[in-house]
Structures are given as structure tokens and as C-alpha cells.
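As C-alpha cells, the structure follows; a few thoughts come after it.
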Number of protein chains: 2
Amino acid sequence: MTHETHDQPSIAHTPDPESSSPGQGILSLDKAQRMAEFFGVLGDPNRWRILSALAMGEHRVRDLAAAVEMSESAVSHQLRILRTMRLVSYRKRGRNVFYCLKDDHIFNLYREASEHLDEPPEMD
Amino acid sequence: MTHETHDQPSIAHTPDPESSSPGQGILSLDKAQRMAEFFGVLGDPNRWRILSALAMGEHRVRDLAAAVEMSESAVSHQLRILRTMRLVSYRKRGRNVFYCLKDDHIFNLYREASEHLDEPPEMD
DNA sequence: GCAACACCTGAATACCTGTTCATAAGTTAT
DNA sequence: ATAACTTATGAACAGGTATTCAGGTGTTGC
């Protein structure tokens with residue numbers, strides 16, 4: 001085992017009591033599943049375009065669709081997914097529905113990913 | 001206190017010169033695509049289990065496979081994807097190949113997602 | 001050399017995902 | 001009430017993805 005005696009508060013730790021794994025520090029199937037579901041939602045370019053539009057302020061579904069150049073139906077489907085993951089919230093006003101980003105987590109995730117992607121190729 | 005009409009280097013801004021969009025601040029198709037590709041890699045539970053194993057220190061492919069209870073072939077395929085996204089690096093030692101996490105971005109992403117997922121249901 | 005070992009790769013298959021299309025539900029205006 | 005409008009939803013289809021299986025490369029040890 002070549003791991004230092006340092007207590008890093010991260011993945012290697014399993015605070016979940018429900019872990020059914022060997023208990024080595026590997027993510028439980030359940031936690032891994034939830035992680036994957038969450039990041040999977042961010043694994044679609046159109047959802048990022050929708051989120052980036054909402055980052056500018058709240059939008060109606062219709063305007064959103066126009067902005068990202070998608071059908072309203074497709075946008076509505078995607079918004080449902082984003083709602084499920086609590087990435088967006090909405091308020092109804094008459095026959096319109098205004099969506100907006102729910103919290104700042106998405107900003108941090110964007111920034112972190114962006115930094116990673118902007119790193120030099122570091123030729124192999 | 002989040003953001004107003006300030007120049008925040010975030011989603012709403014498009015520093016990419018190649019943007020073919022209306023220029024409203026929506027992510028360019030290219031940037032959105034790269035974001036999606038990156039997060040898509042994190043959209044698989046088994047890859048998270050591999051990453052969490054590597055968070056404990058470097059592992060051979062074989063041991064990794066045993067740890068996450070996958071076939072060596074499947075793990076090798078996944079490692080290739082993780083390598084492509086520069087999430088892991090490796091060193092060859094004889095007939096063994098030791099993999100480890102490349103940088104700390106994955107830790108921050110994990111933490112951010114975990115915080116988000118741990119937020120209260122906030123009943124609608 | 002030859003066999004065992006560790007890892008990688010390509011093709012095939014089963015599964016999941018996102019869009020479109022048609023339709024329904026709810027709201028506003030005439 | 002009827003028509004126009006905005007959004008939501010379900011089924012179906014196309015495209016993408018992860019695994020398995022079979023085979024390949026390179027290394028260690030007899």
C-alpha cells in the first residue's frame with residue numbers, strides 16, 4: 001500500500017452508512033450511481049446551452065427554445081430533466097413559465113471543468 | 001451577491017472567437033460540445049468507482065478490475081476514456097501498468113456534486 | 001524458445017438517451 | 001364558448017454507449 005497517512009476529505013472516504021462494498025473506500029454502487037446520474041445530466045451539449053442561457057437571467061420556455069435553436073418540445077423535455085436534478089427552478093406567470101438557475105453549483109462545475117479542459121495537452 | 005452586470009468569467013460569457021451563435025452569451029456549439037463530452041465521461045457509475053479506487057493511490061489494471069468488480073477488459077476500455085479526458089495518468093513497470101489520478105479537479109467536481117446532491121429535497 | 005501473465009484493442013450486441021411528432025392541459029382574449 | 005397561445009407529456013425512432021468476447025502485443029520466467 002503506497003498511500004500516505006494523510007487524511008484527504010474526498011472520494012476515498014465513504015461517509016455513507018449504506019455502503020455494501022468491501023469497504024475499501026470505493027464508492028458504493030448507490031453513490032456512484034447518483035454521481036453518474038448527476039453528471040450524466042451535464043453530459044449533453046444542448047443542456048449546457050440551456051443552462052448558459054439561464055445564466056443570463058430567467059427565460060420563458062419559448063424564448064429559451066429560440067435562443068438555443070431547439071424545438072419547444074425538446075427544450076421542455078430537457079427542462080424536466082434539469083428540474084429533476086434541481087439545477088433549475090421555475091415560476092408560472094399566466095400561461096408562461098419562467099425558468100432560472102437554482103443555485104451556483106453549476107457555475108463552479110463549469111469553472112472547474114473549463115480549467116481542466118484548458119490545460120495544456122502535455123504531449124504523451 | 002452572485003452576479004449582476006459585472007464581467008464574470010462564467011457561462012454567460014463567450015470568450016471563444018469561433019462562436020457562430022447570435023452572440024447573446026449562450027455557449028457556442030463547440031464549447032457546449034466539449035463540456036458535454038467531459039461531463040459525459042463522469043456520467044457512468046463504474047467510471048466513478050474506478051476513479052474512487054484511484055483516489056486511494058495507484059493501482060494496476062488487474063487489481064482495479066478486482067476492486068470494482070469488473071472485467072479487466074471493461075476496465076481497460078474505461079481507462080482509455082479516462083486517459084483521453086486526461087483524468088488519469090499511468091506508468092508502465094514491466095508487464096504491469098499503474099494508473100493514478102492526474103490532478104485534483106476530480107476531487108473538486110466530486111465535492112461540488114456531492115454538496116448539490118446532499119441538499120434538502122425542498123418540497124415543491 | 002515456449003508458456004504464462006498483464007494489458008490493450010476491435011467488432012458485435014444489448015441498453016440507454018434525445019429528438020420528433022402528435023396530443024393534452026391550462027390560460028388569455030374575443 | 002371558441003380560438004389562439006404556451007407549456008407539458010407519451011410513444012416511437014435514431015444515434016450513442018458500455019459491456020462481452022476473441023484475439024493481439026509485449027514482458028517475465030522456465
Side-chain angles (χ1 to χ4, degrees), chain A residues 26-27 29 32-54 58-100 124, chain B residues 26-27 29 32-54 58-100 124:
Chain A
I26 292 165
L27 286 183
L29 290 171
Q33 183 68 41
R34 277 179 301 180
M35 278 288 156
E37 275 172 25
F38 177 67
F39 283 102
V41 168
L42 301 179
D44 180 88
N46 286 332
R47 280 196 285 266
W48 273 107
R49 300 197 3 119
I50 290 173
L51 290 170
S52 68
L54 293 179
E58 62 178 9
H59 285 74
R60 298 185 305 158
V61 177
R62 192 166 213 292
D63 296 337
L64 216 40
V68 300
E69 296 173 285
M70 294 172 62
S71 75
E72 298 170 25
S73 179
V75 169
S76 190
H77 275 293
Q78 300 295 31
L79 285 172
R80 188 171 116 72
I81 293 172
L82 294 173
R83 241 164 43 211
T84 300
M85 277 301 164
R86 298 194 191 82
L87 286 168
V88 302
S89 61
Y90 63 97
R91 67 183 178 87
K92 294 180 181 174
R93 179 91 182 256
R95 55 188 168 190
N96 298 318
V97 180
F98 291 85
Y99 280 84
C100 62
D124 295 349
Chain B
I26 292 164
L27 285 184
L29 290 171
Q33 182 68 41
R34 276 178 303 180
M35 279 288 155
E37 275 173 26
F38 177 67
F39 284 103
V41 168
L42 301 179
D44 180 87
N46 286 332
R47 279 196 286 265
W48 272 107
R49 294 185 25 105
I50 291 173
L51 290 170
S52 69
L54 293 178
E58 62 179 7
H59 284 73
R60 297 185 306 158
V61 176
R62 193 165 211 292
D63 297 337
L64 216 41
V68 301
E69 297 173 285
M70 295 172 62
S71 74
E72 298 171 25
S73 179
V75 169
S76 191
H77 276 293
Q78 300 295 31
L79 286 171
R80 189 171 112 74
I81 294 172
L82 294 173
R83 242 164 42 210
T84 301
M85 276 302 163
R86 298 194 190 80
L87 287 168
V88 303
S89 61
Y90 65 98
R91 68 184 178 86
K92 293 181 182 174
R93 180 92 181 256
R95 54 188 170 191
N96 297 319
V97 180
F98 292 85
Y99 280 84
C100 63
D124 296 355

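The sequence lines fix the lettering, A, B, ..., with proteins before strands; numbering per chain opens at 1.
Rounded to whole angstrom, the span from the CZ atom of A/R62 across to the C1' atom of D/dA8 amounts to 15 Å. For the pair A/D63 CG and D/dC5 C1', the interatomic distance rounds to 13 Å; values are reported in whole Å. We find that CZ of A/F39 is positioned 19 Å from C1' of D/dT17, with the value rounded to whole Å. In this structure, CD of B/Q33 is placed 13 Å from C1' of D/dG15, rounded to the nearest angstrom. One can place CG of A/N96 at 18 Å from P of D/dA4, the figure rounded to the nearest angstrom. As rounded to whole Å, 8 Å separates atom C1' of D/dT17 from atom CD1 of B/I81. Put simply, CE on A/M70 is 13 Å from P on D/dA8, counting in whole angstrom units. With rounding to whole Å, A/R95 atom CZ is found 12 Å from D/dA4 atom P.
B/R93 comes within 4.0 angstrom of no nucleic acid atom, judged by non-hydrogen atoms across all strands. Contact annotation for A/E72: base contact, defined as any heavy-atom pair under 4.0 Å involving a base atom. Contacts of B/F98 with the nucleic acid, taken as non-hydrogen atoms under 4.0 Å apart, are absent.
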**Message:** Between B/L79 and B/V97, does the side chain to side chain contact (heavy atoms under 4.5 Å, CB included) criterion hold? Intermediate values first, please.
**Reply:** CA-CA 11 Å; B/L79 286 171; B/V97 180; over 6 Å; no
**Message:** Using the rule given for side chain to side chain contact (heavy atoms under 4.5 Å, CB included), can you reason through B/R47 versus B/L42, listing the C-alpha separation, both sets of side-chain angles and the distance that settles it, and then say yes or no?
**Reply:** CA-CA 7 Å; B/R47 279 196 286 265; B/L42 301 179; over 6 Å; no
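Contacts of A/F98 classified as ring-ring contact (aromatic ring centres under 6.0 Å, His included), with partners at least two apart in sequence or in another chain: none. Residues meeting the salt bridge (Lys or Arg N to Asp or Glu O under 4.0 Å) test with A/R91, sequence neighbours left out: A/E58.
Taking the side chain of A/V97 as heavy atoms from C-beta on, and the options D/dA8, D/dG26, D/dA4, the nearest nucleotide is D/dA8.
A sub-4.0 Å separation between OP1 or OP2 of D/dT19 and a side-chain N or O of B/N46 is present. OP1 or OP2 of D/dT7 has not a single side-chain nitrogen or oxygen of A/R80 nearer than 4.0 Å. OP1 or OP2 of D/dT20 has at least one side-chain nitrogen or oxygen of B/S71 nearer than 4.0 Å.
Aromatic ring orientation, A/Y99 versus A/Y90: tilted (interplanar angle from 30° to 60°).
Other residues, nucleotides and ligands place no more than 12 heavy atoms under 6.0 Å from the CZ atom of A/R62. Around CZ of A/R60, the count of heavy atoms belonging to other residues, nucleotides or ligands within 6.0 Å exceeds 12.
Interface remark: the A/H77 side chain does not form any donor-acceptor pair with the D/dT7 base, using a distance-only criterion of under 3.5 Å. Side-chain to base pairing of A/S73 with D/dT9: one donor and one acceptor N or O lie within less than 3.5 Å of each other.
A/W48 contributes no side-chain N or O that, together with a main-chain N or O of B/Q33, makes up a donor-acceptor pair within less than 3.5 Å.
Comparing B/H59 and A/D44 along DNA chain C, the residue whose closest nucleotide (by nearest heavy atom) sits nearer the 5' end is B/H59.
The footprint of chain A on DNA chain C, defined by a heavy-atom cutoff below 4.0 Å, extends from C/dG18 to C/dT28.
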